[in-house]
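Every chain is numbered from 1, with letters handed out A, B, ... down the list of sequences.
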Amino acid sequence: MPIKIVGVTNCPAGIAHTYMAAEALENEAKKRGYQIKIETQGSIGVQNRLSSEDIKEADYVILALGRGLSDDERARFAGKRVLYVDISEVLKNPADIIENLEKRAVKFESAGTTSQNQGNGSNVKGSMGVFGHLMNGVSFMIPFVTAGGIMLAISTAMVGGGKTTPGTFAYLLENVGVIGFQLMIPILAGYIAFSIADKPALAPAMIGAWLANQKDILGTNGGAGFLGAIAVGLLVGYFVLWFKSLKFPKTMQALMSFLIIPAVATLVISILVFYIIGPAIAAIMFSINNFLNSLSTASKIIVCIIIGMMVVFDMGGPINKAAYLFALGMVEQGNALFFGTVAITNVIPPVALGLATFLRPDLFQPDEIANGKSAVVVGLFGITEPAIPYAVNDPFTVIGAQMIAASVAAIVGVLFGVTRIAPGAGILDPIIGIAKPAIGYYTALAVGIFVNVALVILFKSMKKKNRSFSVNS
Amino acid sequence: MQDIINENLIELNLKGSTRDEIIDELADLLYQNGAVISKENFIKEVKKRENLCTTGIGMGIAIPHGKCSCVRKPAVAFGRSASGISWDTMDGKPVDMVFLLAVPESGAGDQHLQLLAMLSRKLMHEDFREGLRAAKDKAEILSMFRSIFGT
């Protein structure tokens, strides 16, 4: 077995030294018959990225740095024998570095990873990596959610919850808001993929996610929503990463990022979305509808609890849509109770999460805190989308808390007999007379929000505590 | 490739003998060629980078570079000196070949940055360096650049 070396090079400008050092190390290693792979972090972006497989198999790691490495990136090399050098040292004497690896490379232990639980440690790292990519997507998505949500909320307030008239200013704001929300889906997918595999992954993921959200093209009753966007982003990201790792002649490489990878990845993801994700959405929505219909003899409280949980589960995705359409259909049959549950529960998540960022900013990311103010206001008008960034960043905690809160609110709603007879606009519903009784609606909403805020804070604090324990141990 | 380097961006007999004189001389070529809009601003950036850490990487080569909004398009100016240039180099030896790279602040196509990266890599190969030293005229040097850029 030849000695295997991996490494990273970077420099302040990212123009010349990064590549010279990579080439020098590769030359010296190959002269000696060693296997080597060097990741270059230059102004073109990260190229030749080291996979966890590469790192696992490597005997030595060389970090030749001119502008440092973030803790996250460093953590990739936990447990390996690592040599840190200044990039200029590599250029001065690459042979020396390769020859003395045995002597100079030191075992690198990252915080919280001891040698006994290395197996576990690397698993946790893997999943942290995925969440890192999701967080990158969220940070690009938030401005779209905020801008779109505020426009929509102003428009709703201007017309008092009714329909906007084409040609009016409220109509303009409403449509601008909708555009913001439509763009938010591809932006989320695109920047998840970008975080994994850089620029070539951006276009395929954005196109794929847009397609996955077009119910008319897919021939379904609903789009894939934000969960679909996450799926597309991760699929495209890891596909492109793998595609980049294939060996192609160096002269073809400029063509790769701009032509071949985007075209191939777009084709692949479109086929996946159209022939697999689309029919899957249709099947899910169909079976949910059947399921809810079969419950029609069950107690109304049970059905309302299930509908409430579905509404907040994927916020605009297929499950939410299926519950919404079922409840709306029941209104036509003279039963507006289920739609009353929808009216209450879709207001809860954004308002609760926004309030939670005021109460406990230490539990949230800076961009989540910034989004919090508008989430409360926008959410009160029955617009759920501002809650999505929180759910992407911390899905189990956030979605779990709001599902419990929604079922509690649904119970309170049924006890008061809250109904709604038409699609509405959040807290304006009782005022414009489509949701009744007002006291029941507001009570159920207040209870739901209170429970949701309390649970999000509780779950997040527990998670934080757990994390700090495992680091200390 | 003509975007990045052409005959007018090559100087076979650099006149200067110090680092600053040579940077000035090659920056002038970039300016005359329309690659940079402001020679003064560009030189300021290059020197700032140079003072951070020398680009005299040894083996007789220096590869000063500047990233600046005053650069219109990515380009490289190449110069050879018969007498040697005093430069604070990593191996302490004088420089006889200088590549001055100009990179725009933003909007630089990745293809162009990719070409500069390939050039940087190629400089680590002795046969390439010796080829540039032995080249008799600009056409021969251009054809060597062409061989790495694959055009």
Side-chain angles (χ1 to χ4, degrees), chain A residues 9-31 38-48 64-67 85-96 198-200 202-203 244 248-259 261-262, chain B residues 1 4 45-46 48-59 61-68 71 74 76 88-93 99-129 146-151:
Chain A
T9 59
N10 68 33
C11 60
I15 293 168
H17 288 48
T18 300
Y19 304 99
M20 294 191 289
E23 189 77 12
L25 289 171
E26 287 169 10
N27 285 345
E28 288 301 329
K30 282 177 190 154
K31 261 190 223 165
I38 302 286
E39 171 177 316
T40 51
Q41 304 181 336
S43 51
I44 311 172
V46 175
Q47 288 180 307
N48 213 19
L65 309 176
R67 59 168 172 78
V85 282
D86 194 84
I87 192 156
S88 55
E89 197 187 328
V90 175
L91 293 173
K92 261 183 233 169
N93 204 341
D96 197 54
D198 281 307
K199 221 184 266 176
L202 182 66
K244 276 172 138 181
F248 290 96
K250 274 194 176 169
T251 45
M252 261 178 79
Q253 273 172 8
L255 215 57
M256 285 296 293
S257 338
F258 287 89
L259 186 73
I261 295 178
Chain B
M1 187 198 86
I4 291 228
E45 279 306 314
V46 172
K48 206 158 89 188
R49 169 66 188 83
E50 201 65 31
N51 293 335
L52 211 60
C53 168
T54 178
T55 65
I57 56 164
M59 304 164 292
I61 288 176
I63 176 163
H65 46 273
K67 195 173 184 177
C68 174
V71 176
V76 48
D88 168 30
T89 58
M90 289 181 182
D91 60 1
K93 294 183 183 133
F99 303 78
L100 180 59
L101 312 187
V103 177
E105 192 66 64
S106 60
D110 269 10
Q111 298 104 314
H112 290 118
L113 293 175
Q114 185 89 49
L115 294 181
L116 295 182
M118 281 195 218
L119 170 64
S120 304
R121 281 179 174 272
K122 204 70 189 171
L123 288 177
M124 304 315 283
H125 294 262
E126 196 178 354
D127 50 348
F128 183 72
R129 297 193 298 267
R146 211 164 276 137
S147 72
I148 39 171
F149 297 155
T151 51

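- Checked for salt-bridge contact, A:Glu23 and B:Lys122 miss the test: no charged N lies under 4.0 Å from a carboxylate O.
- Proximity to chain B is absent for every atom of A:Thr18, based on heavy atoms less than 4.5 angstrom apart.
- Residue A:Met20 holds its CE atom at 9.0 Å from CG of B:Leu119, rounded to the nearest 0.5 Å.
- Taken from CG in A:Leu91 to OG1 in B:Thr89, the straight-line distance is 12.0 Å, to the nearest 0.5 Å.
- Note that CD1 of A:Ile15 is 6.0 Å distant from NZ of B:Lys67, once rounded to the nearest 0.5 Å.
- In terms of heavy atoms, B:Met124 sits closest to A:Ala24 at CE-CB, 3.7 Å.
- For A:Ala16 against B:Leu101, the heavy-atom pair with the smallest separation is CB-CD1, 4.4 Å.
- Residue pairs meeting the side-chain hydrogen bond (donor to acceptor under 3.5 Å, both in side chains) criterion with at least one partner in residues 87-96 of chain A, sequence neighbours excluded, are A:Asp86-A:Ser88, A:Glu89-A:Arg104, A:Asp96-A:Asn100.
- For B:Arg49, the side chain to side chain donor-acceptor pair (under 3.5 Å) partners at least two apart in sequence or on another chain are B:His65.
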